[in-house]
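Keep in mind that the numbers below use all heavy atoms, side chains included, and drop hydrogens, waters and symmetry copies.
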Amino acid sequence: MELNQLTIHELHELITKREVSSTQIVQSVFKRIETVEKDIHSYVTLMKERAFAAAADADKRIREGDITPMTGIPVALKDVLCTKGIRTTCGSRILHNYIPPYDATVVEKLKAAGAVFTGKVNMDEFAMGSSTETSCFGITRNPWDLKRIPGGSSGGSAAAVAADECIASLGSDTGGSIRQPAALCGVVGMKPTYGRVSRFGLVAFASSLDQIGPFTKDVEDCAIMMNVIAGYDSRDSTSVPLDVPDYTAFLSRGIDGWTVGIPREYFIEGIDPEVMEAMKSTIAVIEGLGAKCVEISLPHTGYCLAVYYIIAPAEASSNLARYDGVKYGFRAGDGRDLLEMYKKTRSAGFGAEVKRRIMIGTYALSSGYYDAYYKKASQVRGLIKGDFEKAFTQCDVILTPTSPTPAFTIGEKMDDPLQMYLSDIFTISANLAGIPGISVPCGFTRRGLPIGAQFLAGHFEEGKLIQMASAYEKNANLEKRRPNL
Amino acid sequence: MEYEPIIGLEVHAQLLTKSKIFCGCSTQFGVEPNSHTCPVCMGMPGVLPVLNKKVVEYTMKMALATHCRINEVCNFARKNYFYPDLPKGYQISQYASPLAEHGYVDIELNGGRKKIGITRIHMEEDAGKLLHDEHTPSSYVDMNRTGVPLIEIVSEPDMRSAEEATAYLKRLHEILVYLEICDGNMEEGSFRCDANVSIRLKGETAFGTRTELKNMNSFRNVQRALEYEIRRQEYLLASGGEVVQETKLWDDAQGATYSMRGKEEAHDYRYFPDPDLVPVVIDGRWIEEVRETLPELPLEKRERFIQEYQIPPYDAGVLTSSRVLADYFEEVAKLSGKPKAASNWIMGEILRFLNEEKRDITSCPILPQSLSELIQLIEDGTISGKMAKDIFEDMYTTGKGPQQIIEEKGLVQITDEEILKKAIEEVLAANPVQAEQYRGGKEKIFGYFVGQVMKVTRGKANPALVNDLLKKMLAGS
Ligand SMILES: [Zn+2]
């Protein structure tokens with residue numbers, strides 16, 4: 001085994017025993033990047049020099065005995081997280097040259113914990129997409145099948161972890177952008193409760209839905225990453241001042257006596273039969289661990305997609321107004337006056353999907369339409385949240401497929417936005433309700449494509465998700481596979 | 001046909017908090033462009049606003065001072081529009097649920113009082129400033145002002161003349177300055193006003209089409225612009241025309257209003273609740289805490305002055321026109337025990353001297369203590385009123401106390417009867433003919449003797465004593 005193939009906790013053990021240095025790990029990661037990056041294209045910006053400097057720093061700390069579970073561990077960052085002095089593009093031409101003057105809170109926290117950043121990873125433009133095909137830097141490929149997409153929008157984060165181009169990564173999840181690519185790339189991905197992780201320094205797509213979360217190779221690593229990034233931040237008014245438990249304490253606790261809700265509205269036509277099969281085996285594993293699986297109902301599920309595609313674009317249309325060519329980023333230079341400069345800059349700076357959502361959102365907020373769209377959607381959002389609140393009085397966690405299908409082929413859904421939107425159908429509801437969700441690998445299709453199971457829990461119950469996912473992971477006896485690159 | 005104007009005002013007041021509304025940057029003016037900025041107020045990607053609690057408290061003060069109802073929960077909303085001085089492409093403001101609603105202020109006109117309703121008061125952030133280069137086709141943006149807290153005070157359409165509108169505006173201004181939450185500087189834009197104006201036939205109940213007036217940066221301009229616009233609309237209607245709904249700019253130099261944009265070009269601001277901010281919850285306890293910090297307001301203070309110090313309403317109005325002036329008066333009134341004299345000196349000499357130098361009471365060289373001493377010296381007869389005026393001038397120019405000036409110049413009034421008797425004897429001896437005339441019944445000549453005595457004593461004689469002694473001595477000898 002190469003060092004880059006190991007998990008955070010495995011590497012941490014080696015580091016603690018002084019068997020490997022951070023520099024060796026970083027070397028191994030960059031060697032891997034040099035080998036496979038041409039096929040996968042996870043990265044938008046590599047931070048090689050800084051990474052080795054940070055590794056040397058980490059090694060110094062390690063020698064001094066100043067070690068946290070993240071010290072010296074190479075982590076990749078979705079290019080939507082602001083990094084001081086390092087280009088942060090959101091995969092968009094309009095920010096292709098933007099260098100933030102500050103670090104996002106999560107970046108600060110990981111830095112303080114001793115993590116080493118390998119670079120910024122690819123994403124759908126402004127996190128709008130489910131396939132990482134809309135980045136102005138080109139597509140990212142699924143390490144398990146290079147003809148397929150890695151999912152999105154955090155496709156670079158998922159592919160980099162799956163291809164061992166980093167040990168862990170951060171992504172952002174607005175409607176499934178962590179969980180769906182995690183499922184499609186066969187890694188663990190968690191979207192925390194809205195307010196659990198500070199959004200300060202996360203370039204906003206839809207502010208009331210966005211949340212940062214980790215991509216890891218196993219559930220234990222997920223708990224380790226959560227321990228670092230979770231917590232109140234006075235710079236984010238929507239972050240919640242609640243104590244953060246030690247998430248690693250939930251590993252190996254077992255789920256004997258738990259009730260797992262299986263929402264009938266999520267097991268519908270259109271789910272790939274192999275995904276359905278994997279779900280059945282997942283249920284069997286869970287029941288074998290002493291949990292009871294019960295059918296529950298989330299009656300407003302049918303409205304999730306519609307509500308999401310009003311609220312998210314509405315917020316996005318406002319959040320993306322600042323990219324006007326005046327202060328930073330791309331500007332089309334040949335406008336005759338201000339208005340023309342705006343129009344040319346935004347026409348050339350944004351891609352088709354971003355423009356589509358800005359237009360939908362602008363329309364939904366327009367006077368005369370606000371009540372029928374945005375206001376109504378907000379009301380229905382309340383009902384969807386209510387569904388979950390009621391459901392969690394009957395069960396500890398909810399189990400659904402993460403995505404209705406495994407990874408689809410590149411270009412397959414690019415001309416059909418609706419089909420593309422449907423690939424988030426099982427993940428969107430957690431963002432609307434603000435609850436946490438985790439996707440864990442639960443098998444492979446016969447073609448060798450990973451399948452993910454999604455667990456959902458009540459607000460601030462990330463611990464339960466880790467307990468559930470960890471118990472499942474340990475007992476599922478899934479075949480250990482690596483993508484063949 | 002007689003028309004009646006309907007006027008409503010929207011006032012924007014910059015709050016005097018030390019830091020901006022959603023970041024820690026200083027609100028101080030007159031510094032290098034863009035030196036008081038940070039990623040948050042520059043609207044950089046990924047930043048988030050955090051509400052400055054002081055802004056809420058200042059707004060609550062204004063709400064309480066104008067009898068508004070403070071909402072238990074209020075929200076921030078985004079007002080979306082593109083402009084280079086607006087770095088986020090939206091202004092954080094309040095829309096559906098403002099901090100306060102349903103208030104009023106009293107205005108006074110021709111001795112009568114009128115209530116002007118306040119629809120709402122809400123918090124918002126100011127935009128930056130554009131600077132245009134005259135020589136090149138370039139514009140620059142200064143974001144020092146971006147994020148400076150503002151409150152918007154929206155009135156009901158309750159005003160029926162330009163005078164009423166100006167009186168209302170002055171009342172708001174006075175309250176804001178009294179509360180020390182706004183410096184009230186109209187030229188520099190820390191107190192700005194837009195007006196909605198329409199006219200209708202007297203007796204009509206429906207409103208006519210209104211225009212919105214902007215760019216009036218003094219009380220005088222507000223009055224002139226409103227008068228102009230009312231006349232313009234009257235002329236239009238009277239000549240069979242129609243008022244068009246539009247936004248108009250007041251041109252001070254031309255003394256006229258000009259169209260800025262029509263109804264069709266009106267912005268659709270696409271307001272929606274700002275998802276980056278949580279609702280502001282204000283409970284009764286917080287309201288009471290803020291209420292306790294409220295100073296006495298100008299109108300209450302005026303009434304108290306009239307009652308407590310027995311001064312005329314006009315004087316009370318002048319003396320309460322600013323909190324510092326009122327405090328100055330009260331201190332002098334209390335120290336001297338002579339409120340009427342205090343009022344006379346302040347209304348007369350002090351304000352005249354200050355006005356001549358375009359200074360205000362905060363930089364008055366005469367301390368309340370000194371003025372009250374001066375008043376006491378007159379009262380106890382140490383100096384005469386005439387002497388006091390000269391001493392006052394010296395006090396104003398040198399900043400010295402009255403005692404010091406009197407000592408330095410040897411100005412103490414002569415109250416020693418022996419000295420005065422001697423002086424009178426001298427005068428009587430020098431004017432035997434006149435003395436004879438007086439005794440013969442020509443009493444008018446008495447003043448002449450007083451003048452002579454004052455002359456002999458170089459003005460220092462106590463006039464009352466001189467009167468007494470003269471009468472006695474003329475009668476006696
Ligand atoms: Zn700032």
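- For B:M143, the part sitting under 4.5 Å from any heavy atom of chain A is the side chain, from C-beta outward, and nothing else.
- Heavy atoms of B:P87 lying under 4.5 Å from chain A belong to its backbone as well as its side chain.
- Of the atoms belonging to A:V326, it is side-chain heavy atoms, and not backbone ones, that fall under 4.5 Å from chain B.
- In this structure, chain B has no heavy atom under 4.5 Å from any part of A:L81.
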All inter-chain donor-acceptor pairs under 3.5 Å (chain A, chain B):
from	atom 1	to	atom 2	distance (Å)
A:Y102	OH	B:P45	O	2.8
A:Y102	OH	B:G46	O	3.4
A:Y102	OH	B:V47	N	3.3
A:R199	NH1	B:D276	OD1	3.3
A:R199	NH2	B:D276	OD1	3.1
A:G201	N	B:G46	O	2.7
A:S207	OG	B:D276	OD1	3.4
A:S237	OG	B:P49	O	2.9
A:S318	OG	B:R78	NH1	2.9
A:S318	OG	B:N80	OD1	2.8
A:N319	OD1	B:R78	NH1	2.8
A:N319	OD1	B:R78	NH2	3.1
A:R322	N	B:K88	O	3.4
A:R322	NH1	B:G43	O	3.1
A:R322	NH1	B:M44	O	3.0
A:R322	NH2	B:Y90	OH	3.2
A:K327	NZ	B:P87	O	2.9
A:Y328	OH	B:G43	O	3.1
A:Y342	OH	B:Y83	N	3.4
A:S367	N	B:D268	OD2	2.9

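- Only the side chain of A:P101 has a heavy atom closer than 4.5 Å to any heavy atom of chain B.
- The shortest heavy-atom contact between B:V47 and A:F200 is CA-CE1, 4.0 Å.
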